[in-house]
Amino acid sequence: MKKFFRGALIAGAFAAAAITAAPARAEETIKIGILHSLSGTMAISETTLKDAMLMLIEEQNKKGGVLGKKLEPVVVDPASNWPLFAEKARELISNQKVAVVFGCWTSVSRKSVLPVFKELDSVLFYPVQYEGEESERNVFYTGAAPNQQAIPAVDYLMKEEGVQRWVLAGTDYVYPRTTNKILEAYLKDKGVAQEDILINYTPFGHSDWQTIVSDIKKFGSTGKKTAVVSTINGDANVPFYKELGNQGIKATDIPVVAFSVGEEELAGIDTKPLVGHLAAWNYFQSVDTPDNKAFIEKWQAFTKNPKRVTNDPMEAHYIGFNMWVKAAEKAGSVEPDKVIDALPGIEQANLTGGVSKMLPNHHITKPVLIGEIKDDGQFDVVEKTDDLVPGDAWSDFLPGSKDLEADWVAKKCGNFNTKTGKCGGQGS
Amino acid sequence: MSRYRFLDGAGMIFLAVVLAMAALIPASNLLLPPDSWLHVPDHMVPLLGKYLAFAMLALALDLVWGYCGILSLGHGAFFALGGYAMGMYLMRQIGPRGVYGNPVLPDFMVFLNWTELPWFWLGFDHFWFALLMVVLVPGALAFCFGWLAFRSRVTGVYLSIITQALTFALMLAFFRNDMGFGGNNGLTDFKDILGFPVQAQGTRAALFALTAFALAGSYLLSRWVVTSKLGKVVVAIRDAESRSRFIGYRVEHYKLVVFTLSAMLAGIAGALYVPQVGIINPSEFAPANSIEAVIWVAVGGRGTLVGAALGAFLVNAGKTWFTGVLPSMWLFALGGLFVLTTLLLPKGVVGLITDLFGIRRKSELPAPTAPAAPAKAAPAE
Amino acid sequence: MRLIGLRGATLGLLIAIATLLGGPASPASADPVDDALARFAADKYDETDKAIEGLVAASAQNGQAIFEAMSAGRLLYDPESKTVLIKDAGGALVLAKTGDPAPQALAAKPLKTVRLNNRVRRSLEAASGAFALQAPDPQKRIGAARAIFKTREPTALPAIEAALAKEKDASAKQALEAAKAAIILARQDAPEADRIAAADIVAAVGDQDALAALRTLPANTPPAVKQAAEAGVASIERWLGVANVVQDVTYGVSLGSVLLLAAIGLAITFGVMGVINMAHGEMVMIGAYATFLTQGFIRDYVPALSGASLILAIPVAFLVAGAVGVLIERTVIRFLYGRPLETLLATWGVSLILQQAVRSVFGPTNREVQTPEWLQGSVSFLGVSLTWNRIAIVLFAMAVFFALMLLLKRTSLGLRVRAVTQNRRMAASMGIRTPWVDAMTFGLGSGVAGIAGVALSQIDNVSPNLGQSYIIDSFLVVVFGGVGNLWGTLVGALSIGVANKLLEPFAGAVLGKIILLVAIILFIQKKPRGLFALKGRAVEA
């Protein structure tokens with residue numbers, strides 16, 4: 001009995017040591033949390049962003065840090081596990097006392113950490129294009145809202161390719177659902193008939209595309225010009241494009257415009273059969289500006305890989321990180337409350353030659369670029385909006401949100417109803 | 001065989017530790033000043049609560065695997081169903097505080113243009129109804145599934161693989177936005193439970209204490225089951241199913257009872273898990289999660305109940321620690337841990353402790369022997 | 001936009017006709033060609049489009065070469081002097097206008113490539129399409145005729161007729177006839193009888209394009225023609241209904257072959273040896289990475305063999321994955337025989353380690369495995385189209401399956417494997433070195449999984465997660481077919497594949513899969529030991 005007790009004690013001590021041990025803290029640094037999955041299904045996309053953040057922080061430290069203090073990155077691995085995202089966010093904020101967190105990729109990971117950021121009042125920079133329909137005080141959205149990606153892409157296809165028939169293909173989760181809903185409403189607004197729109201959802205990681213690609217082929221052979229708008233997520237894209245190439249669907253027959261396919265995703269595919277298919281982003285590696293050239297050089301030097309590509313979410317982190325630095329310097333503090341108040345209105349040159357601005361709705365202005373896939377896995381920019389497009393948190397094309405507006409400066413509200421004049425959504 | 005003691009030494013220590021945690025951790029968190037070295041930091045409370053909920057799941061799994069020889073690779077499904085039932089209650093409690101401000105419909109339904117609440121959401125605004133569903137839904141599923149499977153004598157790996165298929169099918173189903181459970185995003189952004197804000201430290205501490213009590217309670221219940229006559233028959237079935245049947249026991253009935261009970265416990269664990277981590281989504285159904293739960297049991301020591309709970313606690317604490325300290329290497333550490341435990345500690349941590357301290361467990365149940373190996377006969381016909 | 005493309009086509013045809021009819025192209029005045037070429041240097045798609053049009057209109061002597069270079073991305077220009085150059089296949093620079101070698105001074109300048117977008121590409125296709133009708137390769141002529149059949153561009157008619165007059169190749173002739181019919185069908189001024197006859201020819205083609213041609217007749221078409229077209233539509237639709245089922249079944253067989261490949265290694269490690277091998281997926285992944293490395297090695301060191309790199313990757317993948325398998329068996333699994341459930345835990349740990357190891361070495365992102373020329377594209381047969389790589393996978397899966405059967409049934413290793421798995425102690429007392437046989441069997445199963453990786457690298461991501469996406473399906477296939485029975489694995493894989501594809505059109509991809517999983521669960525109730533249950537005492541062992 002006594003010995004048993006000793007055993008239990010040892011085990012308990014081990015457990016306690018395991019969970020409370022935290023690295024000792026040096027007081028002179030400002031900690032920056034990096035919350036990107038380094039293992040599991042999302043590691044494929046998110047690891048790059050972790051590296052990009054490490055590079056940006058290193059750069060900033062070379063310039064002397066922020067407010068005279070060095071920055072210290074704190075990397076954790078939420079392992080593509082959504083509850084773990086919330087747990088790790090909590091650990092970063094309350095245990096590691098980070099000043100700001102850069103992280104998340106999927107919508108669900110953002111939704112999972114949201115309550116934590118609200119409760120502990122910290123700041124999250126979210127770098128990925130997303131479905132909108134959200135504006136939170138503690139979150140800054142540096143990726144594209146649907147009006148900064150989907151709608152300009154569809155406009156381009158109508159104008160430039162004369163597309164009349166549309167396949168909206170996506171992975172079954174909230175981003176494709178919303179984007180397709182917005183696009184469906186938008187297309188009907190433009191006079192496209194219901195029978196000229198085909199919507200299709202597939203599960204995550206779908207790998208057998210034979211049936212769907214042949215359906216697309218059938219849908220596209222009525223004589224009307226057809227295009228595919230793809231919100232297919234990450235992993236499923238490679239088999240999808242391989243099937244497209246093999247079934248001989250060329251960009252000149254049925255162009256596919258994708259919102260989740262960038263340089264990183266293409267790095268895994270032989271792009272020769274895909275030349276001419278499109279993607280809509282706010283940044284492409286191929287954009288020829290001095291800033292971008294310098295950024296690419298730094299990135300390739302940092303990763304010690306002269307072939308390493310850059311992509312849109314990396315640029316979003318670049319903009320977001322620099323905005324945070326400026327806001328902290330403007331506020332003279334890295335206190336989340338002060339930074340949150342200082343951020344709207346901050347301007348930062350993006351890598352494509354414009355100056356992005358943080359808006360009161362916590363989204364930023366971005367140019368919209370349409371690129372065609374080239375045979376070397378890069379994109380050829382075929383269209384760029386003249387002005388930067390302001391991100392719209394609440395879509396005007398959805399019945400639930402068209403009256404809503406986010407303004408954290410004047411109204412201090414993320415879901416202000418312009419009809420009822422009250423904060424708090426649609427009401428009853 | 002002698003009569004088993006209802007509570008043995010390990011059991012008493014376990015109960016004492018769990019109940020002490022239930023009392024001391026909330027007290028230390030709420031009463032002690034934050035700079036005291038005995039203070040449990042705020043973020044630790046829900047974390048420990050999560051471990052305890054997992055420990056409860058491991059306990060439930062050990063009941064069927066350790067004592068009944070049913071290797072369920074789908075227990076995560078029952079856990080997640082319990083979690084969803086609780087999550088639905090918590091969603092209804094949000095009321096008009098969602099981003100769209102709809103008093104009845106959760107945000108994701110407004111978002112998908114649903115106009116009214118689907119029938120299967122009715123009733124979840126009542127806490128008692130949700131509690132009932134936490135137990136009934138996993139129980140009913142386990143009952144139907146078990147009734148079919150045990151009656152037709154699906155055993156061994158066949159059973160394991162179809163339980164895996166079950167949880168995989170449920171995962172795909174819950175991923176579908178059309179199902180009305182929030183799709184991939186699941187249910188999140190909870191506000192209140194029984195009128196108390198979920199994010200308040202007091203509520204957290206109370207939930208923690210509740211989880212600890214539930215764990216202690218389910219330990220007692222499991223212990224009662226395995227020491228009763230039912231338990232003896234169940235162990236007999238584990239060790240020699242055909243013989244038990246020939247003696248005249250209705251094997252499938254015994255299995256069904258234990259399986260259903262275990263699923264209900266898993267459901268309760270899930271319900272306690274959700275308010276503490278703040279999200280429930282279909283990835284809880286992922287087959288990998290269920291396999292991990294099996295691993296907790298194996299690490300702790302199969303067929304010991306205490307070991308299962310301890311294994312869940314240790315593995316998850318290790319995971320938390322490794323993902324923070326070795327973010328890009330932790331899979332090596334965890335993978336290595338699993339390989340080494342299997343090779344060096346066939347009886348798990350509890351086995352190690354008993355061996356180390358030379359404790360004779362005369363009164364204990366016989367350690368589980370390898371159950372019927374999967375058919376491995378002629379390679380090909 | 002479309003109009004511009006069509007106009008390009010029209011003009012392209014004009015020169016084609018001119019060349020066709022034997023008259024030499026009228027000597028182009030220098031101005032229009034220079035003018036057109038200068039537009040390329042403007043670096044705007046509109047201008048590029050006009051340049052193509054201009055070249056066609058001027059029937060530039062070097063036009064076809066320019067178009068070819070352009071679609072291959074070998075048309076360059078000097079932004080300063082606006083001189084347009086062609087980089088020929090050998091890398092030498094020639095002047096676009098004349099085809100003469102370019103002066104050295106130009107070659108040293110920073111040249112830019114003339115950029116294409118889809119619209120320009122379409123104009124280009126139309127412009128060079130007319131030339132293609134005259135191509136010496138009959139396949140190219142058929143391709144051009146098919147393209148015209150699709151667009152039904154009325155101005156192409158004279159060119160088609162001219163080509164028809166010269167055509168000797170039967171299938172090219174047929175394609176040209178069909179293209180001609182498609183144009184005549186839509187033509188207002190053609191005699192009614194011709195149009196009705198044309199409707200029949202078009203209907204005989206019987207594919208989606210034919211359907212489109214028959215459906216999109218102008219509004220003022222005479223009723224008799226309309227009737228003929230409608231009859232054609234009905235007959236095609238009747239056929240397509242059948243073809244759809246045939247297509248679903250073939251897709252199902254192809255999916256089933258993928259499942260078979262993924263599962264067959266597991267049928268050995270799990271089915272025959274009884275190891276619940278959770279690291280099986282990672283063996284497939286290792287095979288895929290071995291393919292990636294082999295391709296890279298061959299590309300860098302023996303480029304002559306690059307067409308065969310995929311074939312060379314098969315033994316490499318087998319050996320690498322097999323070696324890893326033997327290593328795992330010797331270090332972990334051999335201590336666990338007789339404790340099958342614990343192999344699940346250990347191999348799960350191994351799988352985590354292998355995933356992370358690959359992630360650390362190769363990075364988390366996808367790696368590119370190229371598809372060789374001979375596996376690209378698809379073949380269409382009576383409205384059912386199948387891609388070459390899918391056909392290859394079906395054949396490959398069958399080959400692997402039968403080779404494995406042969407190995408187990410007809411070789412001494414196979415005999416020993418069977419002996420050891422049936423009765424380890426008896427086999428040992430007969431003098432079989434059971435540890436060696438165990439290691440070899442596990443290595444064999446892992447090696448076969450590695451081979452599957454070669455095939456899967458052609459259709460899926462080569463990433464550290466590759467294995468995870470197949471492990472559940474693999475176990476289902478083996479269990480559904482009956483553990484320990486290779487035939488069961490074959491039948492199981494194919495029936496799951498076909499059932500999945502037959503369900504998909506009705507239920508959608510997700511619901512189809514759910515229905516299938518539930519069906520398997522229910523099926524196991526009916527046959528608790530899988531499709532091909534082993535009989536006898538061994539079952540209860």
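As the structure is a prediction and not an experimental result, all values here were calculated from the model. Below, chain A is the first sequence line, B the second, and so on; all start at residue 1.
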Side chain, backbone, both or neither: which part of [X] has a non-hydrogen atom closer than 4.5 Å to chain B?
X        : value
C:Leu336 : side chain
C:Leu344 : side chain
C:Leu516 : neither
C:Ala419 : neither
C:Ser360 : side chain

Inset, instruction - List the steps, then state whether side chain to side chain contact (heavy atoms under 4.5 Å, CB included) holds for C:Val350 with B:Val339. - result: CA-CA 7 Å; C:Val350 169; B:Val339 174; 3.9 Å; yes

How close do [X] and [Y] get, counting heavy atoms only, and between which atoms?
X        : Y        : result
C:Trp348 : B:Ala288 : CH2-CB, 3.7 Å
B:Leu343 : C:Val332 : CD2-O, 3.5 Å
B:Ala165 : C:Leu476 : CB-CD2, 4.0 Å
C:Pro528 : B:Ser152 : CG-O, 3.0 Å
C:Ile514 : B:Ala169 : CG1-O, 3.9 Å
B:Pro287 : C:Ile472 : CG-CD1, 3.1 Å

Inset, instruction - Would you confirm whether B:Tyr158, through its side chain, and C:Val483, through its main-chain N or O, come within 3.5 Å as a donor-acceptor pair? - result: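 Between the backbone of C:Val483 and the side chain of B:Tyr158 there is a qualifying donor-acceptor contact (under 3.5 Å).
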
Inset, instruction - Look at the side chain of C:Gln525 and the backbone N and O of B:Ala149, then say whether any donor-acceptor pair between them is shorter than 3.5 Å. - result: yes

Inset, instruction - With B:Ile161 as reference, evaluate C:Ile520, C:Val479, C:Val478 under the side chain to side chain contact (heavy atoms under 4.5 Å, CB included) test and give the passing residue. - result: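 The residue from C:Ile520, C:Val479, C:Val478 that satisfies side chain to side chain contact (heavy atoms under 4.5 Å, CB included) with B:Ile161 turns out to be C:Val479.
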
Could you measure the distance from the [atom1] atom of [X] to the [atom2] atom of [Y]? Nearest 0.5 Å is fine.
X        : Y        : atom1 : atom2 : answer
C:Phe475 : B:Ile162 : CZ    : CD1   : 15.0 Å
C:Leu345 : B:Leu337 : CG    : CG    : 11.0 Å
B:Ile295 : C:Glu342 : CD1   : CD    : 11.5 Å

Inset, instruction - Starting from the C-alpha separation in whole Å, work towards a yes-or-no answer on side chain to side chain contact (heavy atoms under 4.5 Å, CB included) for B:Leu172 and C:Leu517. - result: CA-CA 10 Å; B:Leu172 290 175; C:Leu517 286 167; 4.0 Å; yes

Inset, instruction - Pick whichever of C:Gly482, C:Ser351, C:Ala357 has the most heavy-atom pairs under 4.5 Å with chain B. - result: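 Answer, by heavy-atom pair count under 4.5 Å with chain B: C:Ala357.
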
If you draw a 6.0 Å radius around [atom1] in [X], do more than 12 non-hydrogen atoms from other residues or ligands fall strictly inside?
X        : atom1 : answer
B:Met329 : CE    : no
C:Met426 : CE    : no
C:Arg330 : CZ    : yes
B:Arg243 : CZ    : no

Inset, instruction - Just do the side chain to side chain contact (heavy atoms under 4.5 Å, CB included) check on B:Thr155 and C:Arg529 with the steps written out, would you? - result: CA-CA 9 Å; B:Thr155 51; C:Arg529 304 220 158 258; 3.1 Å; yes

Check each atom of [X] against the heavy atoms of chain C and say whether the ones under 4.5 Å are side chain, backbone, both or neither.
X        : answer
B:Arg176 : side chain
B:Ile291 : side chain
B:Leu166 : both
B:Leu148 : both

Heavy-atom side-chain proximity of [X] to [Y] below 4.5 angstrom:
X        : Y        : value
B:Val157 : C:Ile276 : yes
B:Phe332 : C:Leu352 : no
C:Lys513 : B:Phe168 : yes

Inset, instruction - Start with the C-alpha gap between B:Asp178 and C:Leu511, add the side-chain angles, then the distance that decides, and say whether side chain to side chain contact (heavy atoms under 4.5 Å, CB included) holds. - result: CA-CA 11 Å; B:Asp178 301 331; C:Leu511 208 55; over 6 Å; no

